[in-house]
Amino acid sequence: MLKIKELCAGYGEMPVLREIFLSIEKGSIVSVVGSNGAGKTTLLNAISGIVKSNGSIICNGEEINFLPAHAIVKRGIVHVPEGRKIFPEMTVIENLKMGAFLQQKTYQKNLENVFALFPRLAERKKQLGGTMSGGEQQMLAIGRGLMGNPKLLLLDEPSLGLSPLFTEIVFNAITEIRKSGVTILIVEQNVYQSLRISDRGFVIETGRIVLSGTGKELLENHDVKKAFLGM
Amino acid sequence: MTRKLLCIDNVSKHFGGNVAVSEVSFAVEEKQICGLIGPNGAGKTTLFNCIAGYYPVTSGDIVFNGLNINRKRPDQVCRLGMARTWQRVKPMSNMTVLENVMVGAFASTGALRKAETIARQELLVVGLENYAGKLAGSLPIGLKKKLELARVMATSPKMLLLDEICGGLNKTETGIILGIIRTLRERGVTIVFIEHDMKAVTSICDNIVVLSSGEKLAEGTPVEITANPEVIAAYLGGGSSNA
Amino acid sequence: RPVKLGFINSITGKEAQIGENLTNGAAMAVDDMTAKGYAVTVVREDDGGDPKNALAAYEKLVTRDRVIGVVGPYTSGSANVVASRADQYNVPILVPAAAKEEITMKGYRNVFRLNAPANVYSLVLMKAVADFKPKTIAYVYAANDFGVSTVKTAQENALSMGLKEVANEKYQQGQPDYRATLAKVKAANPDLVFLVSYDADAILLMRQAKEIGLSPKAFLGAGAGYTTAQFAQQKDISNLVVSATQWTDDVNWPGASDFGKRYKARFGKEPSYHAACAYEAMRIMIETASKTEDPVKLRTTLKNGSWNGIMGPVRFSDYSGFTNQNNHSMLVQQIQNGSYETVYPAQFSKKNIVYPFRR
Amino acid sequence: MMKQAIASAFLVVAAIALPLLIGDNPYVTGILITLLMMATLASAWNIVGGYAGQFSFGHAAYFGAGAYSTMIMLSVFNTNPLVGMATGIVVSSLIALVTGSIVFRLKGHYFALASIAVAEIVRLTVLNLDFTGGAQGILLSDVAFLGLDLNSKNPFYYGMLSCLVVTLGITAYLRRTRTGYYLQAIREDQDAAASLAINIAYYKNKALLISAALTSVVGSIYALYIRFIDTTAVLDLRLSIEILLTAIIGGVGTLWGPLLGAALLVPLAEMLRSNVLGDAMVRIGIVSETSPIGMFFKDGLAHAHVLVYGIITVLCILYLPKGILGLLRRGK
Amino acid sequence: MLFLQSLISGLLTGGVYALAGMGMSMVFGVMNVSNFAHGDLMMLGMYLAYFAFTLLNIDPYLSLVLIIPLAFMFGYVLEKVFINRVIHHPHQNQILLTIGLGLIMSNSALLAFTSDPRILTTSYSSSSFTVFRDVSVSVPLLLSFIITCGITALLYLFLSGTRTGMALRATSQNREAAQLMGINVSRITAIAFGIGTALAAAAGALIAPTYYIHPLAGHSFLLKAFTICVLGGLGSVVGATVGGLIIGVVEALSSVYLSSDWKDVVVFVLFLAVLLFRPQGLFGKKGDQ
Ligand SMILES: Nc1ncnc2c1ncn2[C@@H]1O[C@H](COP(=O)(O)OP(=O)(O)OP(=O)(O)O)[C@@H](O)[C@H]1O
Ligand SMILES: Nc1ncnc2c1ncn2[C@@H]1O[C@H](COP(=O)(O)OP(=O)(O)OP(=O)(O)O)[C@@H](O)[C@H]1O
Ligand SMILES: [Mg+2]
Ligand SMILES: [Mg+2]
């Protein structure tokens with residue numbers, strides 16, 4: 001599905017990602033974990049075209065690295081960004097509509113799915129996005145992402161700010177989404193949860209992949225335990 | 001007998017028709033760490049905003065250190081010794097990390113040297129000493145959280161309102177922050193702590209208040225709360241998944 | 001060796017439009033004089049309508065270019081500032097067209113003015129209609145120096161003529177809508193409407209006056225916007241408007257109509273009185289300066305000389321508080337069938353004034 | 001730190017000695033006065049616009065307040081110019097306070113827009129009142145002050161220079177105090193600043209007041225210098241924009257930026273205005289004044305100098321986004 | 001009588017103000033830039049209408065059909081070539097850039113068209129009809145008012161009903177997120193500036209038959225456009241419309257019942273009062289967190 005080779009990216013003169021190699025199987029869930037500032041968000045931003053990068057990113061056999069962000073979305077790569085970035089002065093329903101910007105046909109069907117997944121959004125259809133609580137905004141952001149019929153869904157800390165109950169719901173939702181054939185790349189601090197549902201995991205440290213394996217392998221890895229699980 | 005530092009008395013906050021906080025009362029004792037938990041949209045941040053002076057309350061009273069602070073501006077509240085952090089971090093992006101913390105330190109001193117000393121100390125406490133000269137805007141989220149903490153600590157508060165200070169951090173980093181918070185308590189700071197990471201909450205809080213749909217659902221020790229069926233239903237969910 | 005003169009004008013900024021007329025007039029004078037064998041270099045400076053720049057320009061002309069005399073500046077503000085420094089540098093200036101009275105009322109020895117100052121505009125206009133015994137007057141004028149100065153003296157003149165003031169409306173320039181203001185004037189039903197406007201405001205005001213049916217016994221326009229060819233072309237609104245001017249092309253001053261024709265041939269439009277003023281000022285300056293070669297002598301020669309050209313007889317004399325002021329006889333003209341006809345004073349006019357105004 | 005202090009001291013000495021070097025050259029001195037004036041105005045603006053991040057488009061109001069107060073006090077009450085200057089400070093502070101109290105609660109563009117509105121109200125009021133000279137402006141023939149020869153330029157050169165030194169001094173001092181830090185914090189994030197015990201409105205007002213008072217003093221000196229003022233010359237939006245332009249092109253939020261901006265823009269504008277290029281080309285004889293090319297350079301350029309100024313502005317913004325100071329810093 | 005007369009003419013003039021304000025609001029909303037070149041863009045519209053009339057003999061109101069697309073393209077290109085390059089720069093640079101562009105436009109116009117004002121005189125330029133006893137209504141103003149209403153309605157439908165309209169709103173709220181929705185934000189920004197320019201030019205063209213045409217003629221509308229923008233609520237189309245009408249009426253009434261020289265002061269005081277009591281504007285939404 002996605003092949004990344006020698007990906008380098010940075011802000012200004014400071015390099016953040018140095019030669020990332022990564023490949024993602026179609027239909028799998030892949031987690032990227034790493035400490036703060038390791039470059040996880042930058043990686044997602046580079047894939048979705050928000051950050052300029054060097055190297056190659058190949059999606060379904062097509063080089064997408066030098067495409068602008070909106071063209072990358074067209075190819076089914078949907079990014080739910082860190083910090084949610086919902087449209088503050090649009091209502092919940094309008095936010096969701098924006099998510100379906102390129103996918104008008106499936107709007108109604110997706111809307112129902114999203115509402116089923118997050119009933120709170122259905123209750124608050126008319127509320128302005130900006131006035132939703134932190135967690136509500138997170139649901140909205142994920143819901144908005146799903147409206148775009150992703151083939152590859154990039155989730156940047158989807159459980160950030162969610163209550164345990166909702167964290168549960170979101171992770172369940174992620175596995176549900178995968179079942180419908182969507183490939184998912186998650187960046188998480190909730191390392192346990194995300195590795196638990198992942199087929200593969202990568203550990204990233206100061207811009208390099210230092211470890212990879214199946215979710216289970218990583219969960220049992222001593223270094224991972226020490227660095228991320230506080231054990 | 002410990003003194004009650006903060007008393008929330010029947011506080012409500014409405015946004016138009018939305019009731020975000022509804023007749024909530026509780027008190028926080030001096031040097032206590034009080035957890036404030038609840039489902040998303042329960043009104044936790046709103047309550048913080050009311051306490052810290054960003055929103056006027058619709059009704060009720062907020063008494064801090066014996067003083068009613070209902071009508072105080074945020075800066076006045078901070079001057080009285082109550083500082084808060086932001087769920088969505090707000091670094092002063094074009095200033096350096098050190099300068100960010102110095103801004104906080106100026107709350108307690110007018111002297112540049114002294115402010116710098118305080119700021120460096122606080123940076124050391126949170127482990128950002130090596131980032132002092134970096135622009136705050138370039139820090140990753142986790143470090144920004146630490147910066148938030150250092151910055152409010154520099155105001156030498158009596159009481160801290162921490163809004164999801166561990167959000168976006170992994171377990172190990174959360175552990176570090178919790179460690180910092182413990183040292184703060186030892187310094188005599190009272191803390192109200194919003195967090196979704198139950199492990200963090202239960203490990204550090206003396207007392208927990210649970211909000212749900214704006215109302216107070218329960219209050220008690222961590223043990224009581226984790227066993228409370230209502231709390232489990234509304235908030236924790238079935239399989240406690242927080243390994 | 002050619003004689004060196006300076007010319008300070010506003011060719012950019014808000015005053016650029018009138019400035020261009022002065023540029024053209026002065027250029028014609030230079031060419032005419034060169035053709036007559038005068039050797040002259042004119043250093044041209046733009047002040048953009050800003051007194052600070054005018055001062056810089058004057059100081060540059062005096063200290064760097066070492067000119068012996070300066071024509072300009074055009075705007076009253078700039079002229080005021082430069083005039084106040086002229087005695088310090090002892091290089092005379094000849095103000096061609098600035099209307100503010102103050103400029104030649106401070107006793108500056110080195111400041112000369114060709115045109116008649118603001119007070120004369122209203123004076124001639126009211127004299128021109130005095131015989132018809134109007135009773136009431138309304139003022140509508142731009143909130144600028146020229147507008148305010150002119151109306152101030154108009155009010156004095158009106159008082160002495162026994163005219164009653166029924167409306168006084170000062171407006172900010174450049175508004176699209178004066179209808180409300182004019183409606184208010186209409187409600188006061190004045191015999192005379194005294195207008196002072198620049199540029200196209202004049203057209204706008206008269207257009208909207210027609211729209212709302214304001215129709216006094218006479219519209220009196222003080223110079224500027226009411227004396228342009230463009231205004232006259234708008235026949236359906238400008239017909240029979242009376243205006244005061246420093247110059248017309250049908251006046252019987254030597255060379256006036258010839259100047260009008262040649263100007264039109266060269267620049268493709270009718271000259272405004274500003275152009276004539278600049279022409280004559282530059283001509284006088286070149287002629288005098290060529291005789292003298294140093295600023296002090298230039299000053300005395302200007303002071304003692306007399307000329308007779310397209311602006312009629314010119315002498316810089318001291319009278320009723322003025323110093324070195326040409327006691328210029330202003331003209332009153334009326335638009336009759338799309339062209340300006342001089343109607344007052346009688347010795348310069350060919351046609352009679354049409355009164356009362358009718359649409 | 002030390003190096004900077006020595007450099008500044010050297011600059012000041014050089015500036016003090018400059019008039020002696022150029023001798024009796026009123027034209028050049030006049031341009032230098034304008035340069036110092038714009039540098040001071042831009043630096044004063046920078047305190048509130050650059051450090052506190054509150055973009056004022058209305059600084060002409062403070063400049064005009066100083067100029068008008070001085071002229072009115074002199075011409076009507078015949079007072080010492082210092083009294084006029086003090087009155088100017090009071091008046092401009094009042095204007096600043098009114099503006100501040102209306103908009104400093106708000107975030108974003110509001111201050112910028114409100115500052116225009118206030119400045120326009122001031123301009124129109126001065127224009128419509130009588131004792132201000134209205135549209136006719138105020139002309140002053142002669143001023144006496146401390147026995148100085150006010151027809152000479154040097155007193156004004158040194159007057160403006162002192163203003164600049166004071167303004168830069170205040171800026172440099174502020175940067176090293178709590179207020180300076182607070183202003184920057186407010187610029188970066190108001191909510192965060194408030195949560196750190198910063199009384200936003202107070203500090204914004206403080207910055208605006210300091211800035212307004214300094215601007216007003218410059219206005220006073222300018223009025224004494226030029227001795228004729230009207231609303232177009234001292235209260236126009238164009239002046240406000242020129243101040244802003246100077247600060248931004250130099251480098252906003254920096255100590256030396258505004259000075260650099262003025263040092264670039266003022267001579268540039270004068271060179272364009274007096275058409276140095278066209279003049280030189282004709283004088284050297286590269287082109288003849290009567291040839292079409294010569295006409296273009298001599299006449300066309302004279303008409304186009306504001307256009308060229310606009311083009312240079314645009315190029316500066318496109319290629320020097322951080323101002324001249326940014327360029328110099330990068331060069332290092 | 002006087003009241004009715006001034007009310008009507010104020011309302012009709014307000015229509016044109018509204019259009020000018022709307023263009024400003026559009027650019028403000030999407031790009032967060034105070035466009036100081038707005039007046040100059042209006043001026044371009046005036047000249048376009050003038051030349052369409054004098055050279056091609058096209059009625060100024062009819063010429064909108066030409067002017068709007070032309071101005072749109074001009075604005076689009078302007079954005080692509082200049083403004084787009086500073087879109088990530090500090091806000092002050094963007095403002096300054098528009099100031100510089102404005103200087104360039106007005107001074108180029110000065111060179112090209114000279115500073116002589118032009119008058120666009122149509123057969124109906126100074127015609128009016130009487131409605132009620134003595135109250136006259138200017139024909140050209142009424143026409144332009146009707147056209148303004150039409151344009152407003154179209155714009156409103158466009159923004160709320162079309163995909164591009166939605167994209168415009170989304171971009172105005174969060175560029176990066178809009179990008180992630182598959183919106184080509186740099187195109188959208190250019191479109192926004194194009195629309196802003198088209199509206200400015202349309203306002204210029206509409207006022208041309210009742211005003212004069214001059215390289216600096218747009219400047220007197222710049223501040224009005226700002227005022228209207230804030231009055232109505234930044235970025236709100238309906239707000240700008242109502243704001244424009246209010247300004248028109250307030251000006252007219254205050255020049256009758258106060259005096260013509262204080263009417264602008266009244267407008268600015270009103271503006272400050274709105275900032276004081278309703279900072280989000282009359283139609284602005286209050287949502288910022
Ligand atoms: N806009 C920016 N400008 C400059 N540097 C940046 C910017 N954004 C991020 N960085 C730097 O890039 C590095 C990687 O940041 P990134 O956001 O990718 O980390 P992350 O792994 O997502 O961390 P977190 O878990 O805290 O979100 C950090 O060192 C950060 O300082
Ligand atoms: N300005 C506002 N206008 C309208 N509704 C608001 C506003 N601010 C918050 N709300 C609503 O009030 C409720 C409480 O929000 P709050 O941010 O306090 O929740 P929270 O407990 O902090 O949740 P989270 O854990 O998700 O951050 C939410 O339903 C939210 O949508
Ligand atoms: Mg991240
Ligand atoms: Mg919250």
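Fair warning: this is a prediction, and the values are worked out from it, not measured in the lab. A, B, ... follow the sequence lines: proteins, then strands. Residue 1 opens every chain.
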Crowded around A:Glu63 CD? As in, over 12 foreign heavy atoms under 6.0 Å?
yes
Residue among A:His79, A:Met132, A:Met147 with most heavy-atom pairs under 4.5 Å to chain E:
A:His79
Atom of A:Met90, atom of E:Arg169 and distance for their closest heavy-atom approach
CE-CB, 3.5 Å
Heavy-atom contact with chain E under 4.5 Å, split by part of A:Gln103
neither
Does OH belonging to E:Tyr156 count more than 12 external heavy atoms closer than 6.0 Å?
no
In this structure, CD1 of A:Ile50 is separated from CD of E:Gln179 (nearest 0.5 Å) by 5.5 Å
For residues E:Met181 and A:Gly99, report the shortest heavy-atom separation together with the two atoms involved.
SD-CA, 3.5 Å
When every non-hydrogen atom of A:Lys85 is compared with those of E:Ala177, the smallest separation belongs to O-CB, 3.0 Å
Which distance, rounded to the nearest 0.5 Å, do you find between the OG1 of E:Thr171 and the CE of A:Met98?
7.0 Å
Close side-chain approach of A:Gln104 to E:Arg163, heavy-atom, < 4.5 Å:
yes
NZ/A:Lys74: more than 12 non-hydrogen atoms of other groups inside 6.0 Å
no
Do A:Ser48 and E:Leu180 touch side chain to side chain, with heavy atoms closer than 4.5 Å?
yes
Under 4.5 Å from any heavy atom of chain E - which part of A:Ile86:
backbone
